[in-house]
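Counting begins at 1 with the first residue of the sequence.
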Amino acid sequence: MRAFSPLLIPLFGSACLAGVWDFDISIRDTYRTIQWDLGTPGAAHNLLYDTGSATLWVLDGTCTDKCPNSSKFPRSKYNLTSTGKAYYNTTGSIEYDGGKVFGHLVSDIAGIPGTNVSFRQKFASITSSSWSSLGSDGFLGLASSSIAFTNTTSPFENAMQQGLLDKPRFSIYHGAALSTESNPSPQNNGVLTMGGSHEDVYADGEVQFFPIETPFEVYKANFLGLSGTRHFSGQNKQHASLNWTGAVVFDTGSGLSEIPESKIEAVYNMTPWTYEKLMTGYRPLCSEFNDTWSVSFTFGSHDDHKTFKVTGDQLATPGYEDDEHCFPPFNPWSSSNIILGANWMGNFYSVFDFGSFEPSNYDLRIGFAPLKKKYQPKV
């Protein structure tokens, strides 16, 4: 998970089928969350779902001064219940771009809202957090257990390994709502599904899959190139393409997309602005995010690759000091890899398929499909 930066969100009820769990996605002060129950009796916790990390953590009930809260929401903290066990000698910290948390290992019963499903889950109970602005009670990491908190298994892999899910996949429709400066917590209709997918409902066409790199830690794929098209009034249509060796990471916890510093100027030449213009203080108008320009990314292998295009209007993120101005769509960072976050992923129905319930037989792939018009994000 990478934090949002200035350079630069219910069709089904929960668990409508046994083995397929549908979680409503809410937006809490720009952070997208789902609800997860912990303890006996179960207490609801709003958790940021994150494909860029693998740990389930919640704030500990004893954490007050060391867990400041500057968000607009109260936080539901975890208190040890009759079915819980704390391992105070097993501690650790997790660093994100948005903050750092520290805590100890706990085991308790996890419950899926709207169902009678419950199972034992190990997670981190956080006793210190620098992430004061976080509009959630914690994180639900969806990446590989190999990078999770000590002695824990990521919740999705745990559920798979216990035979609780119909299929070894999860899928995401992020919802049509977008946060704005004036309304950072809009009503949303997004759904995160574990154990299946609903592309028949949300997708405009087939889901296009490509493989995830191994060894599996996060959802990283081979990146083959980027191209752009501009067609402004009174000008001929312009095309440009870039190719470099690297990878792309798909991170739902990030509100932005990050491009290598060495390529950022060339990428912005595919948009209405130059990078120099943005760096000298220009704030893009949201009206400049329109369908006269587009950017396409190609992922996969040379023999099996897929290209996904987004138009300028699909990259608009309002709230750059006010709702008339939108955040620049790409940020520079010191890596040859790309990170694509919520501002890109929210334009697609996403399916994360493990290929097997058994870790030794994982055949990981990720797929995207454009959204049907009625499900596309809008302010």
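In this structure, the side chains of Ser179 and Ser185 stay at 4.5 Å or more apart for every pair of heavy atoms. Considering only heavy atoms from C-beta on, Trp244 comes within 4.5 Å of Phe223 through its side chain. Using a 4.5 Å cut-off on side-chain heavy atoms (C-beta onward), Leu224 and His302 make contact.
Note that Lys122 lies in the cation-pi zone of Tyr87, set by a 6.0 Å cut-off to the ring centre and a 45° limit from the axis.
Taking Ser154 as the reference, Ala54, Ser145, Glu157 meet the side-chain contact (heavy atoms from CB on, under 4.5 Å) condition, with sequence neighbours excluded. Every residue meeting the side-chain contact (heavy atoms from CB on, under 4.5 Å) condition with Pro272, not counting sequence neighbours, appears here in chain and number order: Phe232, Trp293. Take Asp322 and apply the salt bridge (charged side-chain N to carboxylate O under 4.0 Å, His left out) test, not counting sequence neighbours, and it matches Arg283. Here Arg169 pairs with Glu199, Asp353 under the salt bridge (charged side-chain N to carboxylate O under 4.0 Å, His left out) rule; sequence neighbours left out. Partners of Lys85 by salt bridge (charged side-chain N to carboxylate O under 4.0 Å, His left out), not counting sequence neighbours: none found.
Remark: aromatic rings of Tyr96 and Trp131 are close, center separation under 6.0 Å. Proximity of the aromatic rings of Phe299 and Phe210 is defined here by a centroid distance below 6.0 angstrom, and this criterion is met. Between Tyr173 and Tyr349, the ring center distance fails the sub-6.0 Å criterion. Side-chain rings of Trp21 and Phe170 stay apart, their centers remaining 6.0 Å or farther from each other.
Checking side-chain atoms of Thr280 against main-chain N and O of Glu276 turns up a donor-acceptor pair under 3.5 Å. Within the 3.5 Å criterion, the main-chain N or O of Phe250 finds a donor-acceptor partner in the side chain of Thr51. In this structure, Asn337 contributes its side chain and Ala247 its backbone to a donor-acceptor pair below 3.5 Å. No donor-acceptor pair closer than 3.5 Å links the side chain of Thr193 to the backbone N or O of Gly196. Listed for the Asn158 side chain is no donor-acceptor partner under 3.5 Å among the backbone atoms of Thr153.
Tested against Phe123 for a side chain to side chain contact (heavy atoms under 4.5 Å, CB included), the candidates Leu140, Asp108, Thr55 yield a single pass: Asp108.
Of all non-hydrogen atoms in Pro377 and Gly346, the two that sit nearest each other are CG-O, 3.3 Å. Taking each heavy atom of Pro318 and Asp323 in turn, the nearest pair found is CB-O, 4.3 Å. Scanning all heavy atoms of the two residues, the minimum distance from Lys77 to Gly61 falls at CB-CA, 3.7 Å. Of all heavy-atom pairs spanning Leu142 and Phe156, the tightest one is CD2-CB, 4.2 Å. Here the closest heavy-atom approach between residue Leu371 and residue Tyr375 is recorded as CD1-O, 3.6 Å. Shortest non-hydrogen contact noted between Leu38 and Leu56 is CD2-CD2, 4.3 Å.
Counted by atom type alone, Thr307 and Thr298 present one or more donor-acceptor pairs between their side chains at under 3.5 Å. Checking Trp344 against Gln314 by side-chain atom types alone, no donor-acceptor pair falls below 3.5 Å. Side-chain contact annotation: His231 with Thr292, donor-acceptor N/O pair under 3.5 Å absent. Under 3.5 Å, the side chains of Asn46 and Ser76 contain no donor-acceptor pair of N or O atoms. Donor-acceptor pairing under 3.5 Å is recorded for the side chains of Thr40 and Thr83. Between the side chains of Asn347 and His174, no donor-acceptor pair of N or O atoms lies under 3.5 Å. Asn269 and Glu265 share no side-chain donor-acceptor pair at under 3.5 Å. In summary, the side chains of Asn188 and Ser26 do not present any donor paired with an acceptor at a separation below 3.5 Å, with no hydrogens or angles considered. No side-chain donor-acceptor contact under 3.5 Å links Ser132 and Asn69.
Interatomic distance, CG of Leu285 versus NE2 of His325, reported as 4.5 Å (0.5 Å rounding). Taken from NZ in Lys100 to OG in Ser93, the straight-line distance is 4.5 Å, to the nearest 0.5 Å. Expressed to the nearest 0.5 Å, how far CG of Asp50 lies from OG1 of Thr33 amounts to 13.0 Å. Rounded to the nearest 0.5 angstrom, Trp273 CH2 and Tyr268 OH are separated by 7.0 Å. For the atom pair Lys167 NZ and Leu165 CG, the distance stands at 12.0 Å (nearest 0.5 Å). Rounding to the nearest 0.5 Å gives a distance of 6.5 Å between CG of Asp137 and CG of Leu47.
Taken together through direct or relayed side-chain contacts under 4.5 Å among Ile, Leu, Val, Met, Phe, Trp and Tyr, Phe352 and Phe308 form part of one hydrophobic cluster. By the criterion of side-chain heavy atoms lying less than 4.5 angstrom apart, applied directly or through intervening Ile, Leu, Val, Met, Phe, Trp or Tyr residues, Phe357 is grouped together with Ile112 in one hydrophobic cluster. Leu105 and Ile109 fall into different hydrophobic clusters, where Ile, Leu, Val, Met, Phe, Trp and Tyr are joined by side-chain heavy atoms under 4.5 Å apart, directly or via other members. In this structure, Phe330 is a member of the same hydrophobic cluster as Leu278, with clusters built from ILVMFWY side-chain heavy atoms closer than 4.5 Å. Clustering ILVMFWY residues whenever any of their side-chain heavy atoms sit less than 4.5 angstrom apart, transitively, puts Tyr219 in the very cluster that holds Tyr362.
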Subject >> Phe354/Phe216 under ring pair (Phe, Tyr, Trp, His ring centres under 6.0 Å): CA gap, chis, key distance, verdict >> reply: CA-CA 10 Å; Phe354 283 58; Phe216 170 45; 5.7 Å; yes
Original post:
Could you walk me through whether Thr62 and Asp60 pass the side chain to side chain donor-acceptor pair (under 3.5 Å) check?
Top reply: CA-CA 5 Å; Thr62 64; Asp60 190 88; 2.5 Å; yes
**OP:** Decide side-chain contact (heavy atoms from CB on, under 4.5 Å) for His198 and Asp22; before the verdict, give the C-alpha distance in whole Å, the side-chain angles of both, and the deciding distance to 0.1 Å.
**Re:** CA-CA 10 Å; His198 300 301; Asp22 287 312; 2.9 Å; yes
**OP:** Please assess Thr252 against Tyr49 for the test side chain to side chain donor-acceptor pair (under 3.5 Å), listing each intermediate value before the final yes or no.
**Re:** CA-CA 7 Å; Thr252 60; Tyr49 60 92; over 6 Å; no
Original post:
Given the rule in the side chain to side chain donor-acceptor pair (under 3.5 Å) test, do Ser107 and Arg120 qualify, once you have shown the distances and angles that lead to the verdict?
Top reply: CA-CA 7 Å; Ser107 173; Arg120 183 159 291 278; 2.9 Å; yes
**OP:** Determine, stepwise, if the pair Thr245 / Ser336 fulfils side-chain contact (heavy atoms from CB on, under 4.5 Å).
**Re:** CA-CA 7 Å; Thr245 301; Ser336 62; over 6 Å; no
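For the pair Lys72 and Asp29, the salt-bridge criterion is met [side-chain N within less than 4.0 Å of a carboxylate O].
Contacts classified as salt bridge (charged side-chain N to carboxylate O under 4.0 Å, His left out) and involving residues 306-318 (residues at least two apart or in different chains) are given here: Asp304-Lys306.
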